[in-house]
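As structure tokens, the structure follows; a few thoughts come after it.
On a predicted model such as this, the values are computed, not experimentally measured, just so you know.
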Amino acid sequence: MLDAWPDRGDSFLKVRNAQYKDFVETFSSLSIPLICVCGNHDVGQSPTNQSVKHYRSQFGDDWFSFVCDGVFFIVINSQYYEDPQFVPELAKQQEQWLDEQLEIASSKKFKHSLLFQHIPWFLDHPEEEKVFYNFPQPLREKMLKKFHEAGISKVFCGHYHKKCWRVVQKTWK
């Protein structure tokens with residue numbers, strides 16, 4: 001949501017604070033709820049307990065789910081998959097929670113089950129190489145299989161900063 005990275009020192013912190021003020025002013029008058037999805041500009045490329053705590057104090061939870069109009073929404077902090085080295089407990093907690101949410105999604109009692117995250121699992125196809133904008137194998141394969149088995153019909157991401165959509169008809173075994 002903010003462009004200045006949280007882990008770049010005091011000069012970035014001033015810019016970040018100004019951006020946060022603008023963000024709040026801009027979106028405070030919405031007549032609908034605003035749902036925020038955490039990304040690398042929010043908690044850093046390698047999140048820390050401090051950066052996550054700061055994000056949560058400003059924007060709320062960094063992973064959550066909700067149902068609206070018969071659709072099940074799951075929101076995750078994909079930075080925990082990108083680099084959990086400083087937040088192994090948070091990454092583990094989210095993973096356990098996500099498994100619970102995928103179990104709920106697999107009940108098939110919703111019109112759709114959708115996933116929102118910042119970093120996409122892939123850009124062009126599930127077998128592609130790792131680049132800055134996607135996740136490596138075998139993590140990618142493992143997670144896509146989980147989503148497929150749970151009946152997740154769409155995954156929405158932002159990190160790539162370009163319009164990009166793919167339809168995957170692969171069957172995971």
Side-chain angles (χ1 to χ4, degrees), residues 1 27 30-47 51-52 55-56 58-173:
M1 276 105 17
F27 292 104
L30 285 178
S31 60
I32 60 171
L34 176 66
I35 306 297
C36 297
V37 178
C38 184
N40 58 322
H41 287 263
D42 303 307
V43 295
Q45 193 67 13
S46 301
S51 68
V52 172
Y55 173 86
R56 289 175 176 178
Q58 291 185 321
F59 298 104
D61 292 335
D62 57 326
W63 75 75
F64 54 93
S65 65
F66 62 96
V67 176
C68 182
D69 219 10
V71 177
F72 186 43
F73 295 83
I74 302 171
V75 178
I76 63 172
N77 183 344
S78 58
Q79 295 309 126
Y80 295 150
Y81 294 103
E82 178 66 20
D83 186 358
Q85 69 176 320
F86 302 123
V87 289
E89 283 304 311
L90 290 174
K92 182 180 175 184
Q93 289 169 11
Q94 178 183 256
E95 185 70 16
Q96 291 170 339
W97 171 86
L98 178 58
D99 286 344
E100 293 167 5
Q101 302 311 297
L102 294 176
E103 185 68 30
I104 293 168
S106 70
S107 72
K108 309 291 188 221
K109 65 181 184 180
F110 306 103
K111 292 182 211 174
H112 298 281
S113 292
L114 310 176
L115 179 70
F116 289 78
Q117 62 187 64
H118 186 66
I119 302 173
W121 296 102
F122 62 90
L123 299 176
D124 291 313
H125 57 84
E127 293 81 22
E128 70 193 15
E129 295 294 317
K130 164 70 174 141
V131 294
F132 178 73
Y133 295 104
N134 66 11
F135 287 104
Q137 295 289 9
L139 173 64
R140 181 188 314 149
E141 184 79 12
K142 172 188 149 192
M143 298 306 290
L144 291 175
K145 181 179 179 183
K146 280 178 150 183
F147 302 147
H148 175 77
E149 289 172 352
I152 300 296
S153 60
K154 307 276 185 300
V155 178
F156 295 88
C157 310
H159 187 58
Y160 190 47
H161 296 261
K162 295 180 182 179
K163 182 179 176 185
C164 176
W165 64 273
R166 301 291 179 259
V167 176
V168 178
Q169 296 183 353
K170 177 178 178 172
T171 301
W172 279 266
K173 296 177 180 162

Separation between CG (Leu123) and OH (Tyr133), nearest 0.5 Å, reads 9.0 Å

Between Pro126 and Leu144 the two heavy atoms that sit nearest each other are CB-CD1, 4.0 Å

| query | Is Ser78 close to Phe135 at the side-chain level, that is, under 4.5 Å between some pair of heavy atoms? | reply | yes

Do the side chains of Ile35 and Phe64 get nearer than 4.5 Å, heavy atoms only? yes

### Message
Closer than 4.0 angstrom, basic N to acidic O: yes or no for Arg56 and Asp61?
### Response
no

Exercise. For the pair Lys146 and Glu103, find out whether any cationic side-chain nitrogen is under 4.0 Å from an anionic carboxylate oxygen.
Key: no

Q. What class does the angle between the rings of His159 and Phe132 fall in, given that below 30° is parallel, 30 to 60° is tilted and above 60° is perpendicular?
A. tilted

Tightest non-hydrogen contact, residues Cys68 and Phe73, listed as CB-CE1, 3.9 Å

dist Asn134:CG -> Arg140:CZ (nearest 0.5 Å) comes out at 4.5 Å

In terms of heavy-atom contacts, Lys111 and Val71 come closest through CB-CG2, 4.4 Å

- Message: Any non-hydrogen side-chain atom of Val131 less than 4.5 Å from a side-chain atom of Phe122?
- Response: no

Practice prompt. Taking Gln137 for its side chain and Glu141 for its backbone only, find out whether a donor-acceptor pair lies under 3.5 Å.
Written response: yes

- Check whether more than 12 heavy atoms from other residues, nucleotides or ligands sit under 6.0 Å from atom CD of Glu129, and answer yes or no. no

**Asked** Could you go step by step and tell me if Gln79 and Asn77 meet the side chain to side chain donor-acceptor pair (under 3.5 Å) rule?
**Response** CA-CA 5 Å; Gln79 295 309 126; Asn77 183 344; 5.9 Å; no

Run the side-chain contact (heavy atoms from CB on, under 4.5 Å) test on Leu34 and Phe59 for me, step by step, so that the C-alpha distance in whole Å, both residues' side-chain angles and the decisive distance to 0.1 Å come before the verdict. CA-CA 10 Å; Leu34 176 66; Phe59 298 104; over 6 Å; no

d(Asn40 CG, Ser46 OG) to nearest 0.5 Å is 10.0 Å

Notebook entry, point to check: Do Asp62 and Ile76 have side chains that get closer than 4.5 Å, going by heavy atoms?
Noted result: no

*Should the pair Tyr80 and Trp63 be assigned to parallel (<30°), tilted (30 to 60°) or perpendicular (>60°) ring geometry?*
perpendicular

What one should report as the nearest heavy-atom pair of Phe110 and Ser107 is CE1-OG, 4.1 Å

Is there a side-chain contact between Ile152 and His148 in this structure, where contact means two heavy atoms from C-beta onward sitting under 4.5 Å apart? no

To the nearest 0.5 Å, atom CD of Gln101 lies from atom OG of Ser113 at 10.0 Å

- prompt: Please walk me through it: do Gln117 and Tyr81 pass side chain to side chain donor-acceptor pair (under 3.5 Å)?
  reply: CA-CA 11 Å; Gln117 62 187 64; Tyr81 294 103; over 6 Å; no

> If we only count heavy atoms from C-beta on, is the Ile104 to Phe72 side-chain gap below 4.5 Å?
Replying inline: yes

Check whether any side-chain heavy atom of Met143 sits under 4.5 Å from a side-chain heavy atom of Trp121, and report yes or no.
yes

When rounded to the nearest 0.5 Å, the distance separating OG of Ser65 from CG of Leu114 is 12.0 Å

Rounded to the nearest 0.5 angstrom, the OG-CZ distance for Ser153 and Phe147 is 12.5 Å

Quick one: does any side-chain atom of Gln94 pair with a main-chain N or O of Ala91 as donor and acceptor, under 3.5 Å? no

For Cys157 and Ile119, the nearest pair of non-hydrogen atoms, with its separation, is SG-O, 4.0 Å

Val43 and Cys38 have their tightest heavy-atom pair at CG1-SG, 3.4 Å

| said: Strictly below 4.0 Å, N to O, side chains only: are Glu82 and Lys130 in salt-bridge contact? | reply: yes

